[in-house]
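Proteins get letters first, then strands, A, B, ... in listed order; numbering begins at 1 in each. Both backbone and side-chain heavy atoms feed into the values below; hydrogens, waters and symmetry mates do not. The shown structure was predicted, so the numbers you read here are calculated from the model rather than taken from an experiment.
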Amino acid sequence: MRICQNLKVSSNLGIPTRESNYADWYNELVVKADLADYSPVRGCMIIPPHGFALWENMQRALDDMIKETGHQNAYFPLLIPKSFFDKEADHVEGFAKECAVVTHHRLTKSADGKSLIPDPEAELEEPLIIRPTSETIIWNTYKKWIQSYRDLPILVNQWANVMRWELRTRLFLRTAEFLWQEGHTAHTTYEEADAEALTILHDVYSKFAEEWMAVPVFRGIKTKSETFAGASHSYCIEAMTQDLRAIQAGTSHHLGQNFAKAFDVQYQSAEGKLEYVYATSWGVSTRLIGTLIMAHSDDKGFVCPPKLAPIQVVFVPMGKAEGLEQTTAVAKDLAAQLKAKGIRVKVDDRAKESPGFKAKHWEMRGVCMRVDVGGRELEAGELGVSRRDEDEKQMVTTGSVVDHVTAQLAAMQGDLFTKALAFREANIHRIDTWDAFAKQFDGEGGGGFVLAHWDGTAETEEKIRELTKASIRCIPLNHEKPEDGQPGKCVLTGAPSQQRVVFAKAY
RNA sequence: CGGGGCGUAGCGCAGUUGGUAGCGCGCGUGUUUUGGGAACAUGAGGUCGCAGGUUCGAAUCCUGUCGCCCCGACCA
């Protein structure tokens, strides 16, 4: 089955440049870096071992942080009774249009005997929904778990797949099925729930994005129109892509008492009164991989921050006959030393591929560092070590390779963040006139982040979106410059504004 | 759902007065190679998306149908 025939692949090697076609650059990179592939079902993706190893690394770090902040993992079912969705009106409104529905439990031969059809005899009495998110099934369960204030708070997370029948999909950025974690907590007070939502935003998501993914993010609160269906308010982190758009990398919602009321979850307080609980939910998904690619990668392929890279160092032994045996032995020895220090290494001792082929191969796949081990190097006692995010190769004495690599991996992690931060800085604009604002978002492509004043009304927000395709990504919680938090006048209407908000074209 | 494009080998494509399918890459084998995507030789691989129809004969013409990609509406 041919799925991406519009992708005009120039050859089986290489990818388009970001400059020539950013969208194709991304699409081809994802596939050629072995991060994901198309599947026979539209919008679903196959994640091969290399891509999954990356996800596992992300998962592991996030899972540790989630547990560190007091949460436990649990698992709830994939299938949810349709009736559960009838209970929270806004939530239904938000998800009804994109639900996959299970209606039968058996297949049978069609009349002509040539194919299988759902057996009319086996239609379910109540259709089941493949979870688009798990609030409803979880709140139905929490009703059983919560009787007393002594049962609170409940701090639970689950790693799962969910399905949303998206009309237009893109590998990692928007797939019909995706992997994620979803946290669901219950609390006695509004303030405690808000503190929870903010803990996740600051201590987990923002920290993970910046310290592990090396992607700087804006933390903020969503406007009413961008708030999660069924939430009281939503917090988010927003990153900038290399084509100057915004990408929502994570969300943390304060659900108020909406779900508690919809699912009748009350507890008896210390004073003996019945009270509805307050709730949060929060999630990050495989979209983070798309964010990672868009933040750091280049025209040679994937660039991955060392903390998350499936392979951090690859050794390429060179030479022929005894020479090759010798270089391979040296490579394996150094690799073992690095592995002992917890570094993820690979020795590419494939016989048929040339060193040049191997260099390109691993560059495409985002290996952070490469060590060339050749006869010349061994004679000189220096090996060629290159970093994925730098052009030049360093000559390093064999004995100091392990220390050098260890130091450079740490340096690369920091440098990627610094570079991404500088890029974002260079593409943030503080704009106070409508003409300049409109001009900034004119034409195709993104316009970076525009920090501008907004009068706080949904009408103005919508109007600006219609005129420029830029939307309010968030109302920042912490400002880059103190003056961004000062009052001003709306860039469109001139009405009073409390602070600047982040405008951008979004993924 | 609207507009556009397209279904031929694993991938990218060619193939019209209708005559039973080809190229490049990749893949197997062998030899020579290997310092930034090696070369030659040899071989394997396709009921031309599916279903009808026209015809002596259909990848090609007709009808229907399914699917995919891009742009839009919707969305993490």
Between [N] and [M], how many Å separate the two [atom1] atoms, rounded to a whole number?
| N | M | atom1 | answer |
| --- | --- | --- | --- |
| B:C61 | B:U54 | C1' | 8 Å |
| B:C48 | B:C6 | C1' | 14 Å |
| B:A21 | B:G46 | C1' | 9 Å |
| B:U8 | B:G3 | P | 24 Å |
| B:G45 | B:C50 | C1' | 22 Å |
| B:U16 | B:A51 | P | 23 Å |
| B:G64 | B:C69 | P | 24 Å |
| B:G19 | B:G36 | C1' | 50 Å |

> Quick check, are the ring centers of A:H254 and A:W282 under 6.0 angstrom apart?
Replying inline: no
Watson-Crick/G-U partner (both atom distances under 3.5 Å) of [N]:
| N | result |
| --- | --- |
| B:C74 | none |
| B:A51 | B:U63 |
| B:C27 | B:G43 |
| B:C56 | B:G19 |

Gap between atoms [atom1] and [atom2], on [X] and [N] respectively (whole Å):
| X | N | atom1 | atom2 | value |
| --- | --- | --- | --- | --- |
| A:R42 | B:C66 | CZ | C1' | 14 Å |
| A:L171 | B:C68 | CG | P | 14 Å |
| A:R170 | B:C69 | CZ | C1' | 12 Å |
| A:D37 | B:G10 | CG | C1' | 11 Å |
| A:N27 | B:G12 | CG | P | 13 Å |
| A:H361 | B:A38 | NE2 | P | 13 Å |
| A:E28 | B:G37 | CD | C1' | 16 Å |
| A:I46 | B:G10 | CD1 | C1' | 13 Å |

Quick one: label [X] by what it contacts on the DNA or RNA (base, sugar-phosphate, nothing), any heavy atom closer than 4.0 Å.
| X | value |
| --- | --- |
| A:Q248 | sugar-phosphate |
| A:T175 | base |
| A:I247 | nothing |

>> Both A:A23 and A:A176 contact RNA chain B. Taking the nearest nucleotide for each, which residue is further toward the 5' end?
In response: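 Result of the comparison: A:A23.
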> If each of A:K358 and A:K469 is mapped to the nucleotide of RNA chain B with the nearest heavy atom, which maps nearer the 5' terminus, i.e. the 5' end?
Replying inline: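 Taking each residue's closest nucleotide, the earlier one in sequence belongs to A:K358.
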> When A:V502 is tested against each of A:L451, A:I428, A:V450 for side-chain contact (heavy atoms from CB on, under 4.5 Å), which residue passes?
Replying inline: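 For A:V502, the side-chain contact (heavy atoms from CB on, under 4.5 Å) test succeeds with only one of A:L451, A:I428, A:V450, which is A:L451.
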> What ring-ring contact (aromatic ring centres under 6.0 Å, His included) pairs are there with at least one residue in residues 296-327 of chain A, not counting sequence neighbours?
Replying inline: none
>> Take a 6.0 Å sphere around CH2 of A:W165 and say whether it holds more than 12 heavy atoms from other residues, nucleotides or ligands.
In response: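 It does not: A:W165 CH2 has 12 such atoms or fewer within range.
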> Which residue pairs satisfy the salt bridge (Lys or Arg N to Asp or Glu O under 4.0 Å) criterion with at least one member in residues 223-232 of chain A, sequence neighbours excluded?
Replying inline: A:E226-A:R465, A:E226-A:R473
> Between A:F84 and A:K87, is there a cation-pi geometry (under 6.0 Å to ring centre, at most 45° from the normal)?
Replying inline: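 Cation-pi check for A:K87 and A:F84: passes.
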> Is the NZ or CZ atom of A:R60 both under 6.0 Å from the centre of the six-membered ring of A:W212 and within 45° of that ring's axis?
Replying inline: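 Verdict for A:W212: no cation-pi partner in A:R60.
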> Does A:D442 have any salt bridge (Lys or Arg N to Asp or Glu O under 4.0 Å) partners at least two apart in sequence or in another chain, and if so, which?
Replying inline: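 So A:D442 forms no salt bridge (Lys or Arg N to Asp or Glu O under 4.0 Å) with any residue.
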> salt bridge (Lys or Arg N to Asp or Glu O under 4.0 Å) with A:K207: which residues, sequence neighbours excluded?
Replying inline: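 A:K207 satisfies salt bridge (Lys or Arg N to Asp or Glu O under 4.0 Å) with no residue once adjacent residues are dropped.
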> For RNA chain B, which residues in residues 204-235 of chain A have a heavy atom at a distance below 4.0 Å?
Replying inline: none
>> Just verifying a value: how many Å separate A:I138 CD1 and A:H184 NE2, rounded to the nearest 0.5 Å?
In response: 3.5 Å
>> I need a per-nucleotide contact map over nucleotides 30-36 of chain B, read 5' to 3'. Cutoff is protein heavy atoms under 4.0 Å; write B for the base, S for backbone only, - otherwise.
In response: ----BBB
> Hey, does the side chain of A:Y205 reach the backbone of A:G283 with a donor-acceptor pair shorter than 3.5 angstrom?
Replying inline: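 It does hold such a pair.
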